[in-house]
Amino acid sequence: MHVDIDSFYASLEEKRNIEIKDKPIVVCVYSGRTEDSGAVSTSNYKARELGIKAGMPIVIAKRIAKGKDVIFLPVDMEYYREVSDRIMEIMEDEADIIEQVSIDEAYLDVTEKSGRDWNKAIEIANSIKEKINSQEDLSVSIGVSSNKFVAKMASDFQKPNGLTIIKEEDIIPFLENFKVSKLHGVGQKTTKSLNELGIETARDLSSYDIKELEREFGKNKAKLLQEKSLGIDLSPVEPKEKKQLSRIGTLKEDTKEINSIFEKIVELSKDMEQRLLKNNVSFRTISLITIDNELKTQTKSETISRTKDVQKVVSISKKLLEKFFEENSDKKLRRVGIRVSNLDFSKSQKTLDDF
DNA sequence: CGACGTGTAAC
DNA sequence: CCTTTTACACGTCG
């Protein structure tokens, strides 16, 4: 099954201030560049009715909200993370295996716990709903099916507070009339390409000649696309180890001044240090992420011998930044970020027991 | 094959 | 008008 917490951040903000419940709420990531620069992270259903949706620039959201009683709040990730952790624990109790995909979403394998009995699976889903409801006062939407992809499509089908069951024999009828853009994993670019081939719906995609699809998308992606259209997904529910850690920020103004950009990098690295230390992570690859004034992203990276030293991130980032400006002396940066990858969570830090 | 860079997608 | 973080596929190069 796939479990999705309904408008998570906005719901939490409602709970913590009863004054604003019943009002449209918009939770924002402010970039700090100007008063209202930034983007909408989550809005509650009242705000969505007005047309204020996730990803939208705050300025645009405020334009829509003008003259209306709409509440704008900054994100409080620390608090959301705390609540999320407790909810994930509730789900862990109910599942054989859990795969957390984001702060507010998880896949649960309940094959064993349900004994492959759909009715038992539905009971588990309801139990999860009930617990999250009573313990955290939040609602979730759940999709239950025989694989992750269809479960995800199902959880999205009825929300908020939905429960959608799609048994094997219902998969094709459930999916066939979906527009391809609604299929999870099919974004803007893929939609455009598909539409240009005359493919509008999942049904169109399922019956399309695979060789033709391969010509457009390559073998791998063509197969995955057609499988999606048929509701086929063999990927297991499995917890995944983190593969990279990154931190990115917006500069006060577009600039090509290395020193001021470097200051930002130092700031970002302090934050990253906390996260690295907490998990005892070592890394080999350091990347510099640059986003120029035209919002074009570039990355530069360097791989070194394994280390836990954040100073390495700082020094190599500086080097990569200099390299960037050697190649792009004309460009100004809007945002800058750092990333470490090639990670190792060596739990093997010596403990007293080892002595 | 590993390293590096870009593109696509999702939250 | 324009956030943040992560994953993964793919092309290229040495």
Side-chain angles (χ1 to χ4, degrees), chain A residues 2 4-5 7-10 26-43 53-64 74-75 77 80-81 84 99-107 148-149 152-153 155-156 180-194 217-225 228 235 238 240-251 254 268 271-272 275 284-305 316 320 323-324 327-328 334-343:
Chain A
H2 180 260
D4 196 329
I5 310 174
S7 37
F8 185 42
Y9 302 170
V26 185
V27 182
C28 304
V29 181
Y30 289 94
S31 71
R33 152 169 290 224
T34 62
E35 172 85 352
D36 285 332
S37 63
V40 172
S41 182
T42 322
S43 52
K53 309 249 167 82
M56 176 181 276
I58 297 166
V59 184
I60 305 284
K62 291 218 166 165
R63 205 169 292 161
I64 295 173
V75 289
M77 292 312 298
Y80 308 153
R81 173 64 59 192
S84 168
E99 176 182 336
Q100 187 175 348
V101 283
S102 73
I103 194 165
D104 68 342
E105 262 182 71
Y107 291 104
K148 288 205 290 185
F149 172 73
K152 166 78 182 172
M153 296 297 295
S155 74
D156 211 48
V180 288
S181 62
K182 297 291 176 194
L183 299 176
H184 181 249
V186 176
Q188 219 176 261
K189 306 278 182 172
T190 310
T191 298
K192 183 159 182 290
S193 304
L194 287 169
F217 298 103
K219 215 167 175 155
N220 206 325
K221 191 170 182 194
K223 178 149 176 277
L224 286 172
L225 281 170
K228 280 185 197 297
S235 68
E238 58 185 358
K240 298 204 170 36
E241 200 146 81
K242 246 198 214 327
K243 296 193 170 71
Q244 53 178 237
L245 269 176
S246 65
R247 205 65 184 80
I248 185 165
T250 303
L251 299 158
D254 297 353
L268 296 171
D271 214 275
M272 178 165 274
R275 294 204 280 164
R284 285 199 56 211
T285 304
I286 295 145
S287 307
L288 176 78
I289 305 159
T290 51
I291 298 158
D292 68 22
N293 50 350
E294 287 163 342
L295 297 178
K296 203 178 140 30
T297 304
Q298 267 188 68
T299 62
K300 300 225 165 287
S301 62
E302 186 173 323
T303 301
I304 59 174
S305 56
I316 305 256
L320 295 170
K323 185 162 146 199
F324 173 86
E327 295 167 12
N328 303 275
R334 179 186 178 90
R335 312 177 58 213
V336 66
I338 52 180
R339 173 166 67 213
V340 293
S341 53
N342 227 323
L343 305 182

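All chains are named by letter (A, B, ...) in the order of the sequence lines, taking the proteins before the strands, and each is independently numbered beginning at 1. As the structure is a prediction and not an experimental result, all values here were calculated from the model.
Summarising the geometry, the separation between CD on A/E105 and P on B/dA9 is reported as 17 Å, rounded to the nearest angstrom. Taking atom NZ of A/K240 as the reference point, atom C1' of B/dA10 lies 14 Å away to the nearest angstrom. Atom P of nucleotide B/dG5 and atom CG of A/L288 are separated by 10 Å, given to the nearest angstrom. Atom-to-atom, NZ of A/K152 to P of B/dA9 comes out at 15 Å; the value is rounded to the nearest Å. Between A/K221 atom NZ and B/dT8 atom P there is a gap of 8 Å when expressed in whole angstrom units. We find that CD of A/Q298 is positioned 9 Å from P of B/dG5, with the value rounded to whole Å. Whole-Å rounding puts the A/I316 CD1 to B/dC4 C1' distance at 14 Å. The interatomic distance linking A/F324 (CZ) with B/dC4 (C1') rounds to 16 Å, in whole Å.
When side chains are defined from C-beta on, A/L288 counts as touching A/V336, because their heavy atoms get closer than 4.5 Å. Looking only at side-chain heavy atoms (C-beta outward), A/Y80 and A/V27 come within less than 4.5 Å of each other. Contact annotation: the side chain of A/S43 never approaches that of A/M56 to less than 4.5 Å [non-hydrogen atoms, C-beta and beyond].
Phosphate proximity of B/dC4 to A/K323: absent, as no side-chain N or O sits under 4.0 Å from OP1 or OP2.
Along DNA chain B, the nucleotide closest to A/L320 and the one closest to A/S181 are compared, and the more 5′ of them pairs with A/L320. Closest-nucleotide positions on DNA chain C for A/D271 and A/F217 were compared, and the one nearer the 5' end corresponds to A/D271. Nearest-nucleotide assignment on DNA chain C puts the 5′-proximal partner with A/R334, out of A/K219 and A/R334.
Using a 4.0 Å heavy-atom cutoff across all strands shown, A/L245 reaches sugar-phosphate atoms only and no base atom. Heavy atoms of A/S287 sit nowhere under 4.0 angstrom from any nucleic acid atom. Contact annotation for A/R63: no contact, since no heavy-atom pair falls under 4.0 Å across all strands. Residue contacts for A/R339: at a heavy-atom cut-off of 4.0 Å it reaches no nucleic acid atom on any strand shown. Among the protein residues, A/S102 comes within range of the sugar-phosphate backbone only, with heavy atoms under 4.0 Å from sugar or phosphate atoms but none that close to a base. Among the heavy atoms of the strands lying under 4.0 Å from A/T250 are primed sugar atoms or P, OP1, OP2 only; no base atom is included. Using a 4.0 Å heavy-atom distance criterion, A/V186 is classed as a sugar-phosphate-only contact.
Ring geometry for A/F149 against A/H184 counts as tilted: the plane angle lies between 30° and 60°, on a 0 to 90° scale.
The local environment of NZ in A/K192 is sparse, with at most 12 non-hydrogen atoms from other residues, nucleotides or ligands closer than 6.0 Å. Under a cut-off of 6.0 angstrom, the local environment of NZ in A/K223 is sparse, with at most 12 non-hydrogen atoms contributed by other residues, nucleotides or ligands. The environment of A/Q188 atom CD is sparse: at most 12 non-hydrogen atoms of other residues, nucleotides or ligands sit within 6.0 angstrom.
Note that the first and last nucleotides of DNA chain C, 5' to 3', having any atom under 4.0 angstrom from a heavy atom of chain A are C/dC1 to C/dC10.
Atom CG of A/L194 and atom OG of A/S181 lie 9.5 Å apart (nearest 0.5 Å).
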Would you tabulate the nitrogen or oxygen pairs shorter than 3.5 Å linking the protein to nucleotides 1-3 of chain B?
| residue | atom | partner | partner atom | Å |
| --- | --- | --- | --- | --- |
| B/dA3 | OP1 | A/R284 | NH1 | 3.2 |
| B/dA3 | OP1 | A/R284 | NH2 | 3.2 |

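For A/S37 and A/S31, the side-chain atoms include at least one donor-acceptor pair closer than 3.5 Å.
Checking side-chain atoms of A/R284 against main-chain N and O of A/I304 turns up a donor-acceptor pair under 3.5 Å.
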